[in-house]
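Data first, discussion second: the structure below is written as structure tokens.
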Amino acid sequence: PKRTLLEGARAVPVPRIPVAGRRLEVLLLPVRGFAVAGGPFERTLSALSRQWSWRPGCLLRVLGVMAAEGAVVLSASDEGIADAALRLREGGLVAFPTETVYGLGANALNTQAVLKVFSTKGRPLTDPLIVHVASKSDALQVVDMEGEGRAVFDVLADKFWPGGLTVVARAQPHIPDTLSAGTGSVGVRVPAHPLALRLIREAGVPVAAPSANRFGHVSPTCAAHVMADLGASPIAVLDGDQAGVVQHTCRHGIESTVVKIDVEERELVLFRRGAISEASLRRALEVAGLSETFRVRVVQKHVPMDQSATPVAAETAVPASVVGQEAPGQLITHYAPDLPTYLATEDPEAETLARQDLEHTVVLDFGGSMVHLKPHTLGYQDLSPGGTCEEAARSLFASLRWTEEVEGADRVVIADVEQLAPQDEAALSLADRIFRAASGRRVRIQVRMA
Ligand code: TXA
Ligand code: MG
């Protein structure tokens with residue numbers, strides 16, 4: 001059979017294509033006079049070649065691999081963990097549960113393994129990975145934290161680890177450039193999930209792990225989500241949804257907060273809101289007497305992902321060239337379901353949704369704010385009937401994935417939690433994810449129905 005380089009393939013997120021009831025990815029492959037062969041592609045291609053025509057030298061659209069042919073699921077038993085640890089040591093990829101979301105892990109010191117993480121996710125090499133370690137002292141093997149920044153590092157590590165805070169700082173020289181995307185700095189965290197900690201300890205290496213979803217899609221909060229996105233890839237998935245550990249698995253439901261200790265500027269820069277609130281970071285610095293010397297700065301990071309994303313208001317948009325250097329990888333379209341998604345707004349200037357449009361709309365509510373619309377919608381879920389952001393964060397990503405399963409849905413409308421729960425400390429992180437899921441688009445539901 002003729003061969004081509006699958007590494008050259010670029011996975012493009014596209015709407016679901018139901019083929020025999022299973023989800024497929026579409027890959028664009030640069031082809032120069034030969035076809036793709038080998039592995040699970042062969043069967044798919046031979047079936048497709050009867051329906052599709054292609055010519056050498058042009059872009060070839062190829063339907064990818066069906067789920068379950070590539071990935072294996074490992075149980076959270078002694079054997080399963082040992083198997084997963086061995087795979088990591090040997091340069092393989094292992095998805096594993098944390099208290100935030102599932103991560104796609106690789107030996108952080110193995111450049112080839114790190115590259116596989118990028119290609120498996122379809123993630124641009126400009127977006128650095130974070131490293132997971134089992135203790136603060138192991139973290140100090142990854143970041144170079146002597147001198148002034150060390151005091152801040154100690155406060156954050158002692159207060160928030162194990163837990164959902166990623167600390168970015170100057171990288172130790174042995175950290176691969178691929179991992180840090182050439183930034184010279186690296187993010188590190190100690191996760192609070194017992195299975196994650198055991199895996200990292202048994203592997204005996206620092207574990208690089210982005211969220212285990214395809215790039216730009218909704219982050220995974222259970223093993224099935226990982227399989228749905230990456231099941232075609234040769235990875236292992238350590239199942240954290242089993243009795244005994246399930247109570248720890250993704251209990252925050254959104255990713256860690258990412259902060260950078262900038263020693264030169266004496267700043268703690270908040271790049272990504274997440275499991276740890278900005279308010280609790282400020283409190284920790286204050287209690288330690290460091291809030292005067294290190295100020296907290298939140299970086300605006302609403303960068304449109306591509307031309308197809310509707311631009312946000314000019315004042316929230318920052319030129320990619322600037323943010324590209326300071327906050328790599330912060331794209332506005334992120335956590336997005338495969339359906340046009342909007343934030344509900346009362347703004348009379350916003351695009352308006354007519355009553356009949358609701359019949360094709362899936363609503364994700366908060367605290368029952370749109371419950372009166374429920375009978376008129378195609379689908380309705382409340383992220384938190386009791387109206388707490390913690391609960392809504394836990395269910396958000398699973399609910400976004402659920403919207404993709406609703407037959408006949410044209411769009412998703414999500415409640416504006418920032419408006420509905422302004423005094424909730426967790427609201428800003430949750431609102432960030434919802435804003436990105438909606439690519440900043442807003443819609444007004446005009447008709448008030450009794
Ligand atoms: O909760 C989490 O953080 C999960 C679990 C698996 O630990 N991981 C995760 O990784 O969300 P990822 O790669 O999806 O997101 C990490 C974020 C990205 O936005 C990346 O751009 C940023 O952290 N980041 C990583 N290293 C950085 C660096 N050196 N400078 C600035 N931002 C960095
Ligand atoms: Mg991610």
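No experiment lies behind these values; they were computed from the predicted model shown. What's counted below: heavy atoms across the whole structure, side chains too, no hydrogens, waters or symmetry copies. The first residue of the sequence shown is numbered 1, and numbering continues consecutively from there. First listed ligand is number 1; within each ligand, the first listed atom is number 1.
- Applying the ring pair (Phe, Tyr, Trp, His ring centres under 6.0 Å) criterion to Phe153, with sequence neighbours excluded, gives Trp161.
- For the Mg ion (ligand 2), the neighbouring protein N/O/S atoms at less than 2.8 Å, given as residue and atom, are Ser211 OG.
- At least one N/O-N/O distance between Ser185 and ligand 1 falls below 3.5 Å.
- Checked for salt-bridge contact, Lys121 and Asp229 miss the test: no charged N lies under 4.0 Å from a carboxylate O.
- Only the side chain of Arg123 comes within 4.0 Å of ligand 1, counting heavy atoms alone; its backbone N, CA, C and O stay farther away.
- Electrostatic pairing of Arg441 and Glu351 does not count as a salt bridge here, judged by no charged N lying under 4.0 Å from a carboxylate O.
- Residue Thr98 places no N or O, backbone or side chain, under 3.5 Å from any N or O of ligand 1.
- With respect to Glu286 and Arg282, no salt bridge is recorded, no charged nitrogen being found less than 4.0 Å from a carboxylate O.
- Paired with Leu268 under the rule side-chain contact (heavy atoms from CB on, under 4.5 Å), one option of Leu290, Val298, Leu285 passes, and it is Leu285.
- Residue Arg272 has at least one N or O atom closer than 3.5 Å to an N or O atom of ligand 1.
- Side-chain contact between Met145 and Leu140: present, with at least one pair of heavy atoms (C-beta onward) separated by less than 4.5 Å.
- Checked by distance only, ligand 1 and Ser180 stay at 3.5 Å or farther apart across all their nitrogen or oxygen atoms.
- Checking Gly274, Gly105, Pro128 against atom 26 (N) of ligand 1, the nearest heavy atom belongs to Pro128.
- In the candidate list Gly182, Ala169, Pro210, Pro210 is nearest to atom 12 (P) of ligand 1, counting heavy atoms.
- For Lys121, no nitrogen or oxygen atom sits less than 3.5 Å from a nitrogen or oxygen atom of ligand 1, counting backbone and side chain alike.
- Of all the atoms in ligand 1, the ones that sit under 4.0 Å from a non-hydrogen atom of Val258 are 23 (O).
- Contacts with ligand 1 closer than 4.0 Å are made by side-chain heavy atoms of His132 only, the backbone lying farther away.
- Close contacts between ligand 1 and Ala209 involve ligand atoms 6 (C), 8 (N), 10 (O) [criterion: under 4.0 Å to a heavy atom].
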